[in-house]
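Throughout, protein chains are lettered first and strands after them, A, B, ... in sequence-line order, and every chain is numbered starting at 1.
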Protein chains: 2
Amino acid sequence: MADVAERAGVSTSTVSRTLRGLSTVSPEVRARVEQAARELDFAVSRHAASLVTGRTRNVAVLVPTLSSWFMGTALSGLARVLRAAGMELTVYVIPGMAERTAFFEHLPARRNADALLVFSFDLTDEETARLDDLAMPVVYVSQHVDGRPSVYVDDVAGALHGTRHLLNLGHRRIAYVRTEGACGFSFSSQERLVGYRQALAEAGLPLDDDLVVATPAGDKRGAAEAVGRLLGLREPPTAVFAEQDEVAVAVIWTLRATRIEVPGQMSVVGFDDQPVAQWFDLTTVAQSPSRIGQEAGELALSLIDDPGAERERHLVLPTHVIPRTTTAPPPAPRAEPQLPPD
Amino acid sequence: MADVAERAGVSTSTVSRTLRGLSTVSPEVRARVEQAARELDFAVSRHAASLVTGRTRNVAVLVPTLSSWFMGTALSGLARVLRAAGMELTVYVIPGMAERTAFFEHLPARRNADALLVFSFDLTDEETARLDDLAMPVVYVSQHVDGRPSVYVDDVAGALHGTRHLLNLGHRRIAYVRTEGACGFSFSSQERLVGYRQALAEAGLPLDDDLVVATPAGDKRGAAEAVGRLLGLREPPTAVFAEQDEVAVAVIWTLRATRIEVPGQMSVVGFDDQPVAQWFDLTTVAQSPSRIGQEAGELALSLIDDPGAERERHLVLPTHVIPRTTTAPPPAPRAEPQLPPD
DNA sequence: TTGAAAGCGCTAACAA
DNA sequence: TTGTTAGCGCTTTCAA
């Protein structure tokens with residue numbers, strides 16, 4: 001910066017003021033400084049700047065992975081609003097327990113970011129408490145933490161509507177396939193199951209635990225086992241509500257391999273509306289991670305500007321059912337022996 | 001840090017030495033300092049540290065998007081090696097031309113990162129030159145830039161082997177479906193087409209431009225048009241090599257909707273081995289973005305430590321064909337009128 | 001093995 | 001409107 005100042009024949013303060021766009025610089029001087037900065041390819045050191053301002057112009061995110069549709073899409077949405085605000089994005093990827101422990105022990109984001117967005121973790125109270133004394137706004141995404149700003153999709157309503165869609169088609173035996181082992185995502189998982197149960201209760205149907213099975217996400221083998229359990233029931237389901245599209249697709253795969261027609265003999269509903277849902281023409285509950293990322297980013301920015309505001313703001317985003325071709329009315333019941341035809 | 005020093009009854013220099021793991025600290029003092037740091041939840045300000053060391057312990061990446069399988073997986077691999085090295089990861093998402101121009105104009109990474117990884121862009125010479133005087137190592141990923149460190153998959157060989165697989169099955173009319181409009185990814189795109197042509201040339205087959213069609217990635221409609229053009233040829237293909245799995249899936253979708261059997265009447269090969277390839281049981285050329293990310297990260301770290309080394313290192317990663325159920329020998333040719341049977 | 005002091009590159013308060 | 005000066009929180013000589 002001293003170089004720029006010298007070349008423009010001004011002091012470093014003036015260079016600083018010019019480069020930050022402060023209005024207290026005369027046009028001629030501004031022009032000279034900008035010219036000099038361009039010629040010298042000068043870029044302000046954010047480090048030096050934040051040392052004195054205390055603001056880093058950097059937002060940190062904590063994510064379990066980068067390689068999922070949800071995370072990729074959400075972070076793209078977030079990145080857009082941060083870029084527009086001139087903020088940078090630092091990503092902490094915490095795939096397992098060891099890394100998680102290390103992160104919470106050292107909290108490396110401390111003093112190195114202006115805000116932290118925590119995605120899709122099911123935090124312990126202790127971990128939440130650690131984040132509380134981080135001295136920066138923390139926004140919880142895809143989870144709700146009481147008394148802290150959170151952005152999430154209405155999983156309960158989504159599952160409720162998806163299940164209702166099946167009920168409205170006439171299904172009475174509806175299974176729920178949840179994911180297991182997807183530690184960190186268990187939050188949405190719980191909520192969706194609640195919505196499913198709520199729909200059944202509404203319809204006056206009993207909750208049959210045999211109809212709730214689990215499988216690791218995206219695993220053909222596990223899905224086959226889960227479907228196998230359902231098909232082996234005394235009274236098997238005529239429809240399946242899957243916690244995620246990937247699970248729905250695995251279920252459909254298994255059913256088709258067994259020559260069980262979808263939706264002829266079994267209807268399937270997913271949750272997400274990932275690209276794969278289109279390829280399978282899957283009826284699904286759509287959510288918009290990109291919107292989630294965007295809203296979370298905007299909330300974080302507003303908290304940075306005014307740490308008092310919206311401290312307890314919960315933003316609940318909507319979902320909507322997209323009917324496609326994997327749902328239909330249940331097959332006609334088999335002739336029931338005890339009732340003579342006509 | 002002053003607080004920690006006071007609490008431990010030492011100078012800030014000693015705290016600094018302790019926290020950086022320097023060996024010139026006596027065990028008792030080290031214990032006291034670590035204790036104090038823990039009690040005060042102290043984390044070093046990277047900003048202040050880098051101001052004096054000149055190293056930021058931060059690696060920047062430039063990516064066109066975060067919401068693709070390739071990027072998500074590659075960045076996960078990269079994040080792993082960076083975390084192990086105690087480096088942080090800053091992501092610049094540059095989805096369009098406007099953002100790209102802005103990035104290259106200001107080069108915000110300058111002085112704010114120790115290295116830059118540029119993913120999947122087809123850079124102009126001018127842009128490359130800009131990056132050259134960034135005063136930090138720049139690693140090019142998924143592209144080769146002469147004389148600069150690059151990490152990429154052997155797209156030519158991949159497409160060559162994929163096409164050969166079709167040739168070996170007996171196919172002679174093989175179409176190539178490329179993506180268009182996916183600006184920034186055009187590099188791999190070109191290379192794969194080269195591999196395809198090479199395979200045909202090897203087999204002594206003519207290059208028929210009618211067999212090369214384009215479609216926007218992941219677009220059902222566009223794929224239908226492209227497939228339509230192929231099916232309308234005087235001599236339609238019996239197999240399709242698709243530049244990416246997503247395109248292959250769209251092609252299969254269209255074919256099946258038209259009651260053209262895959263692989264009975266048309267074989268299809270993809271490139272990537274994304275999860276969707278499994279769901280479609282797609283024969284494909286597999287690459288490992290996670291490995292790419294990892295290697296790129298390691299290369300960047302080594303360049304940071306020793307800017308002289310490996311300055312021109314090109315790391316070319318292998319691919320392999322995964323045969324699944326979308327490829328088979330071509331259908332028996334129709335009876336040819338001019339030859340009497342037997 | 002430890003401490004004192006200088007200074008990294010910037011911004012902010014104050015003076016001019 | 002501009003310049004001078006102090007100091008942000010560290011690391012790094014250099015001296016002890």
Side-chain angles (χ1 to χ4, degrees), chain A residues 1-37 40-58 86 88 106-114 134-136, chain B residues 1-37 40-58 86 88 106-114 134-136:
Chain A
M1 185 174 262
D3 296 345
V4 178
E6 190 182 7
R7 190 181 193 100
V10 296
S11 70
T12 59
S13 323
T14 303
V15 174
S16 173
R17 282 190 276 256
T18 306
L19 265 30
R20 279 177 297 149
L22 300 191
S23 55
T24 61
V25 180
S26 71
E28 317 99 86
V29 172
R30 168 171 298 276
R32 274 213 321 277
V33 171
E34 282 171 348
Q35 168 83 10
L40 293 171
D41 267 336
F42 177 79
V44 168
S45 160
R46 291 189 169 223
H47 297 299
S50 54
L51 193 54
V52 32
T53 60
R55 292 191 43 174
T56 63
R57 305 199 62 74
N58 184 48
E88 302 200 330
H106 296 111
L107 287 182
R110 187 192 297 279
R111 302 207 285 159
N112 295 303
D114 293 339
L134 204 43
M136 70 175 79
Chain B
M1 185 174 259
D3 296 346
V4 178
E6 191 182 7
R7 191 180 192 102
V10 296
S11 70
T12 57
S13 321
T14 303
V15 174
S16 173
R17 282 190 275 256
T18 306
L19 266 28
R20 279 178 298 147
L22 300 191
S23 55
T24 60
V25 180
S26 73
E28 318 99 86
V29 171
R30 166 173 298 276
R32 277 216 314 279
V33 170
E34 283 172 348
Q35 168 84 12
L40 293 170
D41 267 337
F42 177 79
V44 169
S45 160
R46 292 188 169 224
H47 297 299
S50 54
L51 193 55
V52 31
T53 60
R55 291 190 44 174
T56 62
R57 304 199 62 75
N58 184 47
E88 301 199 333
H106 297 110
L107 286 182
R110 186 193 297 279
R111 302 208 286 159
N112 296 304
D114 293 339
L134 204 44
M136 70 175 81

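The one candidate from Val44(B), Val29(B), Val4(B) that meets the side-chain contact (heavy atoms from CB on, under 4.5 Å) condition with Val15(B) is Val4(B).
In this structure, the CZ atom of Arg110(B) is 17 Å from the C1' atom of dC10(C), given to the nearest Å. The distance from atom CG of Asn112(B) to atom P of dC8(C) is 18 Å, rounded to the nearest whole Å. Taking atom CG of Leu51(A) as the reference point, atom C1' of dC8(C) lies 9 Å away to the nearest angstrom.
Ser50(B) places a side-chain N or O within 3.5 Å of a backbone atom of Arg46(B) that can act as its donor or acceptor partner. Under a 3.5 Å cut-off, the side chain of Arg7(B) and the backbone N or O of Ala36(B) do not form any donor-acceptor pair. Side-chain atoms of Asn112(B) come within 3.5 Å of backbone N or O of Arg110(B) as a donor-acceptor pair. The backbone N or O of Arg57(B) sits less than 3.5 Å from a side-chain atom of Asp114(B), completing a donor-acceptor pair.
Looking at heavy-atom distances under 4.0 Å, Ser45(B) makes contact with sugar-phosphate atoms alone, never a base. At the heavy-atom level, Ser26(A) lies under 4.0 Å from the strands shown only through sugar-phosphate atoms.
Residues Thr12(A) and Ala2(A) approach most closely at CG2-CA, 3.9 Å, considering heavy atoms.
By the side-chain contact (heavy atoms from CB on, under 4.5 Å) test, Arg17(B) pairs with Ser13(B), Thr14(B), Arg20(B), Leu22(B), Thr24(B), Val25(B), sequence neighbours left out.
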Query - Contact letters for nucleotides 11-16 of chain C, in which S counts primed atoms plus P, OP1 and OP2 and B counts the base, heavy atoms under 4.0 Å - result: BBB---
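Contact between the side-chain N/O atoms of Arg111(B) and the OP1/OP2 oxygens of dC10(C) is found at a separation under 4.0 Å. In terms of phosphate contacts, Thr14(B) brings a side-chain nitrogen or oxygen within less than 4.0 Å of OP1 or OP2 of dG3(C).
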Requested in this report: Output, in order, the C-alpha distance, side-chain angles, deciding distance and verdict of salt bridge (Lys or Arg N to Asp or Glu O under 4.0 Å) for Glu28(A) and Arg32(A).
Outcome: CA-CA 6 Å; Glu28(A) 317 99 86; Arg32(A) 274 213 321 277; over 6 Å; no
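Taking 4.0 Å as the cutoff to heavy atoms of chain B, we find the contact window on DNA chain D bounded by dG9(D) to dT12(D).
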